[in-house]
Amino acid sequence: MADDKKLTSRAEDFSAWYNEVVLRAELADYAPVKGCMVIRPNGYGIWERMQRALDDMFKATGHRNAYFPLLIPESFLHKEAQHVEGFAPETAVVTHGGGKKLEEPLIIRPTSETIIYHMFAKWVQSYRDLPLLINQWANVVRWEMRTRLFLRTLEFLWQEGHTAHATHDEAEAEARSILGLYRDFQENWMAMPVVTGLKTESEKFAGALRTYSLEAMMQDNKALQAGTSHNLGQNFAKAFDLKFQAESGSMEHAWNTSWGVSTRMIGGLIMCHGDDNGLRTPPRLAPIEVVIVPIWKTDDERGRVIEAAHRLRDELAAWTGRGSTDRLRVHVDAREGMRSGAKYYEWEMQGVPLRLELGPRDLEKHSVFSARRDTREKAPIAMAGVAASVAKILERIQLDMFAAAKERRESHSVRERITYDRFKELMEGEGGFVYAGWNGDPAVEAQVKEETKATIRVIPDAEFRSPDAPATCMVTGQPATHEVVWAKAY
RNA sequence: CGGGACGUAGCGCAGUCCGGUAGCGCACCUGAAUGGGGUUCAGGGGGUCGCGGGUUCGAAUCCCGCCGUCCCGACCA
């Protein structure tokens with residue numbers, strides 16, 4: 001890459017990022033249909049690792065994978081009043097098939113509640129059939145007015161969980177439990193801290209009783225909704241006649257939840273951790289955790305060094321200190337005709353967390369030279385016990401990346417009580433998360449959005465709230481019903 | 001759909017005001033030297049200057065029309 005082309009993780013230069021980091025790393029590309037996304041084969045594979053980790057977590061909590069059709073009769077969407085109001089404007093509609101106009105148009109799913117609860121209604125008769133816990137990995141289409149690679153594509157890949165329960169409390173517990181599962185994934189795998197909480201009425205999912213969300217802060221201090229979990233109440237059960245006979249003998253509507261995270265998380269990862277040298281991948285999600293770069297001058301050195309590099313690779317990959325299924329993911333870059341410096345930059349751009357340099361000098365000293373991607377710290381590591389040392393560094397990187405992101409978020413979170421004028425100033429300038437009192441009035445939300453473009457991201461969960469609850473609404477001065485987090489969002 | 005900008009080599013751009021042989025950087029190919037942080041030198045390939053029309057001896061450049069892309073706003077995971 002040319003020196004004059006500085007990369008930055010800031011939003012204003014995000015397109016440079018796409019070209020240099022994302023496209024070159026083969027994560028994704030533009031497709032001929034504007035606003036769509038391609039995940040390339042032989043790609044760097046971050047999404048694949050995300051998918052696998054989440055899938056394991058769902059299975060461990062009793063969820064099973066299923067698959068439902070892409071095409072849904074338009075009438076299904078109309079069965080739930082709020083749902084159709086929310087999604088009709090952005091659905092793609094299939095009107096013709098087999099050369100003929102269809103009697104009833106089909107929509108391409110923008111989400112699968114309707115078709116799934118239609119099927120659930122046929123599957124559930126008794127309370128013994130509950131809870132029904134399913135997940136689907138699928139693509140959905142939402143015809144947005146404006147798209148942004150990863151963050152808002154026209155078609156996107158996600159997982160959507162859908163469950164049915166016998167009671168409100170059980171459904172509520174499921175929605176909260178998934179919120180926790182997502183948080184675990186985003187914080188401990190993606191090293192991306194999130195604020196969890198409840199969405200306001202105006203921001204909740206179309207058709208839900210309550211929507212919970214996870215909000216991350218990007219490096220431009222804007223919020224990214226990184227996932228949502230909904231308690232759907234009995235809204236869909238009533239619309240789709242999803243009923244069961246209870247233990248008492250009475251017929252009751254089931255209680256549903258739905259929840260999802262998408263390829264948007266890749267965008268979140270990039271914008272949370274990227275720096276001017278490219279991507280930084282947290283080790284747990286890095287398809288390659290360690291790259292070994294052999295260094296040589298003469299042919300004789302070349303043979304010895306490359307052999308040693310492969311031996312090192314084998315030793316690292318064989319190490320079982322992290323458990324038999326979680327081996328170190330190591331790559332040897334022995335490409336000829338490329339200087340080591342050029343290799344360093346390339347792997348740094350792709351975000352490989354740890355680089356090991358191995359040359360004749362290291363062989364003599366029975367050590368290997370390491371360089372961390374996140375901090376760019378460099379230090380020799382003794383060959384004796386090298387695998388355990390490397391694993392320890394990777395663990396450290398994972399934790400440090402999370403800590404650094406959390407510190408950045410906190411340093412751009414305003415927790416002291418500020419005036420609305422000061423708030424406007426902040427939103428015009430540096431942005432950030434502002435914790436403030438709110439009188440609970442949707443009109444106030446609308447006014448603030450109109451005047452500042454900021455919205456209430458969440459009514460935060462207890463752990464995020466201030467020790468002293470705000471007494472008054474920041475905007476109106478009236479008594480506050482909630483403490484909320486205001487921010488501009490993607 | 002409104003407001004703005006742009007369209008020249010695979011990518012990023014200059015040249016357009018003021019018409020006169022199609023340029024630069026990166027990437028690519030060949031050769032040599034180099035090799036612990038983006039090597040250097042020499043040589044080389046690659047273009048319907050978005051499309052169509054007009055003005056002119058002559059158009060990337062001026063005029064008219066069309067097409068496309070990006071940014072900002074309304075929508076949103």
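First the proteins, then the strands, lettered A, B, ... as listed; each starts at 1. Computation of the quantities below employed the complete heavy-atom set of this structure, encompassing side-chain atoms and omitting hydrogens, waters and symmetry-equivalent molecules.
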**OP:** Using atom types as modelled and distance alone, determine if a side-chain donor or acceptor of Asn235(A) lies under 3.5 Å from a backbone N or O of Gly207(A).
**Re:** yes
**OP:** Take the protein atom CZ of Arg142(A) and the nucleotide atom P of C75(B), then report the distance between them rounded to whole Å.
**Re:** 16 Å
Original post:
Under 4.0 angstrom, heavy atoms only, what part of the nucleic acid is Ser262(A) near: base, sugar-phosphate, or nothing?
Top reply: base
Original post:
Is Pro89(A) touching bases, backbone alone, or none of the nucleic acid, heavy atoms closer than 4.0 Å?
Top reply: nothing
**OP:** Mind calculating the distance between OH (Tyr490(A)) and P (C71(B)) to the nearest angstrom?
**Re:** 12 Å
**OP:** Identify whether any heavy atom of Phe205(A) sits under 4.0 Å from a base atom; if not, whether one sits that close to sugar-phosphate; answer base, sugar-phosphate or nothing.
**Re:** nothing
Original post:
Side chains of Pro353(A) and Asp374(A): closer than 4.5 Å at any heavy-atom pair?
Top reply: no
**OP:** Name the nucleic acid region contacted by Lys199(A), choosing base, sugar-phosphate or nothing; use a 4.0 angstrom heavy-atom cut-off, strictly under.
**Re:** nothing
Subject >> Arg339(A) side-chain N/O to U39(B) phosphate OP1/OP2 under 4.0 Å >> reply: yes
Original post:
Would Phe58(A) and Trp259(A) count as a close aromatic pair, with their ring centres under 6.0 Å?
Top reply: yes
Original post:
With a 4.0 Å cut-off on heavy atoms, is Trp158(A) in touch with a base, just the backbone sugar-phosphate, or nothing at all?
Top reply: nothing
Original post:
Reckon Arg302(A) has a side-chain N or O less than 4.0 Å from the OP1 or OP2 of G35(B)?
Top reply: no
**OP:** Name the nucleic acid region contacted by Arg376(A), choosing base, sugar-phosphate or nothing; use a 4.0 angstrom heavy-atom cut-off, strictly under.
**Re:** base
**OP:** Report which part of the nucleic acid Glu336(A) touches: base, sugar-phosphate, or nothing (heavy-atom distance under 4.0 Å, all strands).
**Re:** nothing
Original post:
Ring of Tyr344(A) versus six-membered ring of G37(B): centres under 5.5 Å and planes under 30°?
Top reply: no
Original post:
Does U39(B) have a Watson-Crick or wobble mate here (both distances under 3.5 Å), and if so which one?
Top reply: A33(B)
Subject >> Sugar-phosphate only, base, or nothing, as touched by Glu357(A) at under 4.0 Å among non-hydrogen atoms >> reply: base
Original post:
Is Glu463(A) salt-bridged to Arg183(A), cutoff N-O under 4.0 Å?
Top reply: yes
**OP:** Report which part of the nucleic acid Thr153(A) touches: base, sugar-phosphate, or nothing (heavy-atom distance under 4.0 Å, all strands).
**Re:** base
Original post:
Below 3.5 Å, does any donor atom in the side chain of Lys343(A) face an acceptor in the base of G36(B), or the other way round?
Top reply: no
